[in-house]
Structures are given as structure tokens and as C-alpha cells.
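For reference, the structure discussed in these notes is given below.
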Amino acid sequence: MIKTIIVDDEFNAREFLEKLLTRYFPDKFLILDKCESVDEAIVSIEKYNPELVFLDVQMPNKNGFQLFKELNKVNFEVIFTTAHSEFAIDAIKCSALDYLLKPINYIDLLETIKKYDDKQNKASQEEKLRLLLENIDTGGSEYNRIALPTENGFELLKTNSILYCEADSNYCKIVCLDGRNIILSKTLKYIEELLPNSIFQRIHKSYLVNLNYVTRFNKTNELLVELTNGETLPVSVRKKEDFINAIIQKK
């Protein structure tokens with residue numbers, strides 16, 4: 001859900017916009033707060049760290065544009081709401097995503113939300129491209145770095161510093177040689193596609209292992225691999241042959 005704050009000095013305008021959002025876009029917006037002034041909005045933004053702010057232009061004491069002068073950083077999208085179309089130029093200068101003329105109607109709101117979605121999708125594609133460029137193997141070395149996407153950007157690791165990766169629903173745990181565990185909001189399949197298949201082998205639906213750190217394979221009773229740190233991981237019957245072939249080729 002999109003973390004959202006509504007800023008408008010008119011109570012009815014705040015309530016009406018919230019009703020539009022919840023009625024026509026159920027489960028899409030999480031309304032964190034509704035503020036009636038720029039000062040309230042600044043406190044709320046710093047507290048909740050929203051992704052989107054609907055901001056009224058004309059308000060007593062301070063207009064909506066004043067918000068940008070008083071914030072240390074603007075890391076959210078802004079949609080201005082105004083009864084006067086001439087404010088559109090100022091909105092553009094403030095790099096607002098869009099502006100809505102009051103009274104707000106569903107058609108205009110739908111178009112604005114589509115702009116927001118398109119911009120987010122584009123940003124997501126640009127992030128994937130950056131990660132792809134970071135992960136291109138230019139030297140053919142097993143010690144190249146991988147860019148792992150984190151909440152605030154990405155973390156660079158040498159691929160051979162990763163012991164194994166473990167799936168946990170839509171999350172993935174990266175277990176490193178130095179004992180660190182890195183939790184990512186990505187699937188194991190996503191991480192598998194980033195890592196070189198010359199040294200990383202899927203041994204189970206939940207495990208991707210670095211073959212350089214496999215010390216033993218136990219075929220009795222349970223199928224298990226032992227790693228250099230002493231941990232044992234299961235090998236699924238379906239993955240057994242692929243794992244054995246990968247070990248043989250590695251040698």
C-alpha cells in the first residue's frame with residue numbers, strides 16, 4: 001500500500017479526498033495522517049516518512065509551496081490540489097508529480113494515480129538496470145562483486161564471500177563467511193539469477209549453496225551436504241543428480 005498524507009486546511013476537502021481514495025482504490029492507499037497546515041504536515045512527514053503527499057496550495061499562514069522550503073529533504077511524491085489552474089506552473093517548478101483541480105473528480109484522480117504508478121514502475125526498471133550493470137561479470141572471476149538490493153539502496157558483496165542463500169517465503173537470507181546474515185525482500189529465485197551458476201548450485205527449493213564451501217555429501221538416510229562452517233543443509237531428491245554433476249564439473 002502507498003503510504004499517504006493528505007494536507008488541506010479544509011476539513012471537508014480532506015475527508016472527501018480520503019473517501020475518493022478508499023472507495024475507488026481499495027487496499028492501494030494507507031492514509032497515515034490528515035493535516036490542516038504546513039506546520040502540521042512537516043511534523044507528520046518527518047514522523048511517518050510517506051511515499052505520497054496530497055498537498056493543498058492555498059492555506060492560511062503558509063501555502064503549500066512553503067513546505068518545500070522548510071523540509072530538509074523531499075523523498076516523496078507530491079500531488080498538489082488547488083482550485084486555481086494558474087498554480088500549475090508553480091507546481092511544475094516544485095517538481096510535483098501532478099496537480100488536481102478542485103472539486104476533485106474520479107477521472108482526474110485516476111489519471112493522476114496512473115502517473116504515479118507509471119513513475120514507480122519506471123524507477124523500478126531503472127533500479128534493475130543499475131543492479132544488472134553492477135552484476136555483469138566483466139572479468140570471468142568467481143570473486144566478482146554482486147549488488148544486493150536493500151531497503152535503502154544496495155549492498156556490494158564479493159560473490160565468493162557468500163556461503164549459502166536460504167529462502168523464507170518472499171524473503172531471502174544471505175549467509176556470509178564472516179557470520180553475517182543479510183535479509184532481503186527478494187525471492188531465492190531472484191538472487192539465484194544474479195549469482196554465477198558456475199559456483200552456486202540450487203540443492204533444495206529453499207537452499208542455494210556455494211560449491212566452493214561444500215566439504216561432504218552424505219547419501220545415507222537423509223541427503224545432506226556439510227559446509228566448511230560445520231552447517232549441514234538438505235539436498236532434495238529432485239536436485240540430487242544436478243548437485244552431483246555440478247560437484248564433478250567443479251573438480
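Only this structure's heavy atoms are used, side chains among them; waters, hydrogens and symmetry mates stay out.
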**Message:** side-chain contact (heavy atoms from CB on, under 4.5 Å), that's the test. Do I45 and F76 meet it? Break it down for me.
**Reply:** CA-CA 9 Å; I45 288 168; F76 51 86; 3.7 Å; yes
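The pair E166-K173 meets the salt-bridge criterion, with a side-chain N (NZ, NE, NH1 or NH2) lying under 4.0 Å from an Asp/Glu carboxylate O. Electrostatic pairing of K102 and D56 counts as a salt bridge here, judged by a charged N lying under 4.0 Å from a carboxylate O. The pair D117-K28 meets the salt-bridge criterion, since a charged nitrogen lies less than 4.0 angstrom from a carboxylate oxygen. Comment: E193 engages K189 in a salt bridge, judged by a side-chain N to carboxylate O separation of less than 4.0 angstrom.
The aromatic rings of F65 and F80 lie tilted to each other, with the angle between the two planes from 30° to 60°.
Between the side chain of N210 and the backbone N or O of I162 there is at least one donor-acceptor pair closer than 3.5 Å. Listed for the D39 side chain is no donor-acceptor partner under 3.5 Å among the backbone atoms of I42. Within the 3.5 Å criterion, the main-chain N or O of E18 finds a donor-acceptor partner in the side chain of T22. T4 contributes a side-chain N or O that, together with a main-chain N or O of I2, makes up a donor-acceptor pair within less than 3.5 Å. Between the N105 side chain and the D108 main chain, a donor and an acceptor come within less than 3.5 Å of each other.
Between the side chains of Y213 and N160, at least one donor N or O sits under 3.5 Å from an acceptor N or O. Side-chain polar atoms of N12 and E10 form no donor-acceptor pair below 3.5 angstrom.
Within 6.0 Å of CG on N181 lie more than 12 heavy atoms contributed by other residues, nucleotides or ligands. Atom OH of Y171 sits in a sparse spot, with 12 or fewer heavy atoms from other residues, nucleotides or ligands closer than 6.0 Å.
In this structure, CG in L227 is found 6.5 Å from OG1 in T215, a value given to the nearest 0.5 Å.
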